[in-house]
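This report refers to the structure that appears directly beneath it.
Because the structure is a prediction, the values reported are computed rather than measured. When reading the values below, keep in mind they use all heavy atoms of this one structure, side chains included, and skip hydrogens, waters and symmetry mates.
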Amino acid sequence: GGTIGSSSASSSSSSSTSRLRGVAEYVAQEEMHRSDGYWWAPSGRFIAFTEVNESHISPLPIVYMDSRNDSKTGSAQMEFHKYPFAGQRNAEVRV
């Protein structure tokens, strides 16, 4: 976790939960072109932020097929992202 407004947002995750605070979820990033999940009040005294629950979304493995792979050992770089497939529920978001 971190401090919203300085340099990072807060998150907590485990095998049973996946909650993010102050960040934009996949749909906001890709479809709405919104990369932030927090907004400062004009006075600078208050902040509104999103809380995103992605616990019901299965992680999608993404394997990189480029220089990040080690051809000598056969190991590949992989990331996991929560991706809501068509017909599945999107992340639950509240402000």
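Distance CE/Met32 to OH/Tyr26: 13.5 Å, rounded to 0.5 Å. Atom-to-atom distance recorded for Asn53:CG and Lys82:NZ is 8.5 Å, nearest 0.5 angstrom. Distance CD1/Ile57 to CD/Gln88: 8.0 Å, rounded to 0.5 Å.
The main-chain N or O of Val52 is never found under 3.5 Å from a side-chain atom of Thr50 such that the two would form a donor-acceptor pair. For Gln29 (side chain) and Ala24 (main-chain N/O), a donor-acceptor pair under 3.5 Å exists by modelled atom type.
When only modelled atom types and interatomic distance are considered, His56 and Glu54 share no side-chain donor-acceptor pair under 3.5 Å.
Between Phe85 and Leu60 the shortest side-chain heavy-atom distance falls below 4.5 Å. With contacts defined as side-chain heavy-atom distances shorter than 4.5 Å, the pair Leu20/Glu25 does not qualify. Looking at Tyr64 and Glu79, their side chains come closer than 4.5 Å, going by heavy atoms from C-beta outward. The closest side-chain heavy-atom distance from Glu92 to Glu51 is not below 4.5 Å.
Transitive grouping of hydrophobic side chains (ILVMFWY, heavy atoms separated by less than 4.5 Å) keeps Tyr38 and Phe46 in distinct clusters. Grouping the Ile, Leu, Val, Met, Phe, Trp and Tyr side chains by contacts below 4.5 angstrom, directly or via other members, places Val23 apart from Val95.
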